[in-house]
Amino acid sequence: MNDTPHLPPALATGVGSLPGTDAREAAKAATGSFEDFPHLPELPARGPGADMIGRTAGLLVELYARVEPSGWRIGDRPGRDTRRARSWLGEDLDALEEFTQGYEGLLKVQAVGPWTLAAALELKNGEAALSDPGACRDLAASLAEGLRQHLEEVRRRVPGARLVLQLDEPSLTAVLRGQVRTASGYRTHRAVDRQTVEATLRDVVGVHDGGPVVVHSCAPDVPFALLRRAGVAGISFDFSLLTERDDEVIGEAVEGGTRLFAGVVAGTDAPLSDPAGSVMGVRTLWRRLGLRPGLLPEAVTVTPACGLAGASPGYARSAYAHCVRAARSLADNPE
């Protein structure tokens with residue numbers, strides 16, 4: 001899409017979550033590792049409200065959620081779970097602000113996208129919001145307003161940053177295919193119409209007025225074409241899940257100016273190969289597509305395959321450093 005905000009070249013960044021519970025340590029790791037493209041860390045090990053669903057539920061405007069044994073459920077008023085989520089986000093923003101004094105450049109913040117949120121948040125009857133089209137619309141509108149306020153807050157704290165908004169949508173493919181299970185577990189919710197999914201995403205993407213939005217999913221079969229039509233500037237995915245079936249949509253995405261956030265480093269503790277070896281698959285894909293090698297550093301940002309919440313702290317630090325080295329290898333030797 002021609003009106004999609006442009007995302008300038010950036011060699012490497014993180015996905016979002018990190019292990020541990022120390023906001024300052026996490027902010028130090030994210031800003032120190034990715035000097036040109038840091039991100040706001042998430043620390044789900046702190047418990048409910050720091051997890052991706054609870055954290056985003058805390059951003060909602062005039063909608064509130066609380067923790068039930070079955071998960072997060074929409075309620076009538078803000079309670080301690082909402083307050084806890086907002087408090088931890090405030091702590092994370094304080095730490096980020098401390099380590100980005102005078103920073104000018106790209107800075108990424110993450111939140112759960114409208115469809116994964118609708119698949120995860122329960123209504124009062126215990127079914128997912130996904131079961132009710134009206135609830136989905138209300139949830140998307142509340143999320144959009146909450147994200148607008150959140151972005152304003154981050155701009156105020158880090159005025160030199162060019163903000164990139166990442167929407168985490170691991171359930172998007174399941175929503176499109178009717179694979180999200182009902183509360184009983186015996187049935188699935190019906191597939192949501194693709195045009196409805198696309199229109200809702202476009203509305204939420206539009207809240208980042210003039211700024212680039214990336215959608216992240218580490219699930220198989222990411223709907224690249226739909227996301228591009230919705231106006232995203234970048235798509236973040238687990239590179240190991242690509243198949244040759246994806247070649248055509250990947251080629252079209254690159255030629256259309258969509259930035260690929262290629263998750264090439266494992267999200268949990270695993271042996272790390274040499275950095276050049278980690279991006280070998282990216283080079284192979286490029287050759288297979290017949291794309292110009294010099295385009296690689298302009299079109300690809302190297303990341304872990306998914307968030308690092310399940311990794312050890314030592315591995316998380318090593319994975320970030322490895323992403324930076326692998327990206328440098330890609331830039332220095334694209335062929």
Side-chain angles (χ1 to χ4, degrees), residues 13-17 44 51-53 56 110-120 128 130 166-182 185 187-198 200-201 205 213-230 232-254 256 258-270 273 278-286 288-289 291 299-311 319 323 326:
T13 191
V15 170
S17 64
D51 60 298
M52 61 187 276
I53 299 299
T56 300
Q110 307 83 220
V112 176
W115 293 108
T116 296
L117 201 59
L130 190 66
Q166 176 180 302
L167 298 174
D168 292 320
E169 282 283 16
S171 300
L172 184 58
T173 301
V175 166
L176 288 164
R177 293 181 174 176
Q179 294 171 337
V180 177
R181 294 206 167 273
T182 57
R187 295 185 302 109
T188 55
H189 295 289
R190 68 176 56 177
V192 181
D193 177 73
R194 294 182 81 86
Q195 288 179 308
T196 302
V197 170
E198 183 185 321
T200 300
L201 280 167
V205 165
V213 176
V214 175
V215 168
H216 168 73
S217 172
C218 41
D221 300 321
V222 176
F224 284 88
L226 183 150
L227 292 172
R228 291 183 58 230
R229 290 195 303 272
V232 307
I235 300 172
S236 171
F237 55 96
D238 180 343
F239 190 84
S240 71
L241 297 178
L242 286 186
T243 68
E244 292 196 18
R245 287 199 319 269
D246 299 306
D247 280 7
E248 187 176 344
V249 289
I250 293 276
E252 287 172 357
V254 172
T258 304
R259 179 163 272 274
L260 305 180
F261 285 64
V264 297
V265 176
T268 52
D269 292 37
S273 68
S278 294
V279 286
M280 186 78 73
V282 180
R283 291 192 180 94
T284 303
L285 171 68
W286 232 246
R288 203 163 69 225
L289 295 175
L291 293 167
V300 174
T301 295
V302 174
T303 72
C306 217
L308 294 172
C323 285

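In this text the structure is predicted, and so the values were computed from the model without any measurement.
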ask   = Can you tell me how far CZ of R283 sits from CZ of R288, rounded to the nearest 0.5 angstrom?
value = 15.0 Å
query = Which heavy atom of G16 sits nearest a heavy atom of Q110, and at what distance?
reply = CA-NE2, 3.7 Å
ask   = Between the side chain of T188 and the main-chain N/O of G178, is any donor-acceptor distance below 3.5 Å?
value = yes
Distance-only side-chain donor-acceptor flag, S278 / S273, under 3.5 Å = yes
request  = Check the side chains of T182 and R187 for a donor-acceptor pair under 3.5 angstrom, ignoring hydrogens and angles.
outcome  = no
inquiry  = Ignoring hydrogens, what is the shortest heavy-atom contact between L308 and A266? Give both atom names and the distance.
reply    = CD2-O, 4.0 Å
query = E169 and S217: side-chain donor and acceptor closer than 3.5 Å?
reply = no
query = About how many Å separate CD1 of I250 and CZ of R245, when rounded to the nearest 0.5 Å?
reply = 12.0 Å
Non-hydrogen atoms of L242 and D246 that approach each other most closely = CA-OD2, 3.5 Å
inquiry  = Using 0.5 Å steps for rounding, measure from the CZ atom of R229 to the CZ atom of R194.
reply    = 7.0 Å
query = Between L176 and W115, is a side-chain contact (heavy atoms from CB on, under 4.5 Å) present by the stated rule, with each step listed?
reply = CA-CA 9 Å; L176 288 164; W115 293 108; over 6 Å; no
ask   = Between A191 and R177, which heavy-atom pair has the shortest distance, and what is it?
value = CB-C, 3.9 Å
ask   = Is there a side-chain contact (heavy atoms from CB on, under 4.5 Å) between I235 and H216 once you walk through the steps?
value = CA-CA 6 Å; I235 300 172; H216 168 73; over 6 Å; no
remark   = For P170 and D168, the nearest pair of non-hydrogen atoms, with its separation, is CD-C, 3.3 Å
key: Matching residue for V180 among V175, V192, T116 - test: side-chain contact (heavy atoms from CB on, under 4.5 Å)   = V175
Close side-chain approach of V279 to F239, heavy-atom, < 4.5 Å = no
remark   = Between T173 and P220, the two heavy atoms sitting closest are OG1-O, 3.6 Å
query = Do Q166 and V15 have side chains that get closer than 4.5 Å, going by heavy atoms?
reply = yes
inquiry  = L172 vs L201, test: side-chain contact (heavy atoms from CB on, under 4.5 Å). Steps then yes/no.
reply    = CA-CA 10 Å; L172 184 58; L201 280 167; 4.3 Å; yes
ask   = So do M52 and T56 actually touch side chain to side chain, heavy atoms under 4.5 Å?
value = no
ask   = Are side-chain heavy atoms of L260 and F237 found at a separation under 4.5 Å?
value = yes
query = How many angstroms lie between atom CD of E244 and atom CG of L285, to the nearest 0.5 angstrom?
reply = 9.5 Å
request  = Take V254 and L289 through the test side-chain contact (heavy atoms from CB on, under 4.5 Å) and record every step on the way to the result.
outcome  = CA-CA 10 Å; V254 172; L289 295 175; 5.7 Å; no
query = For Q179, does the CD atom have more than 12 heavy-atom neighbours from other residues, nucleotides or ligands under 6.0 Å away?
reply = yes
inquiry  = List the residues meeting side chain to side chain contact (heavy atoms under 4.5 Å, CB included) with V205, not counting sequence neighbours, and say none if there are none.
reply    = L167, V213, V232
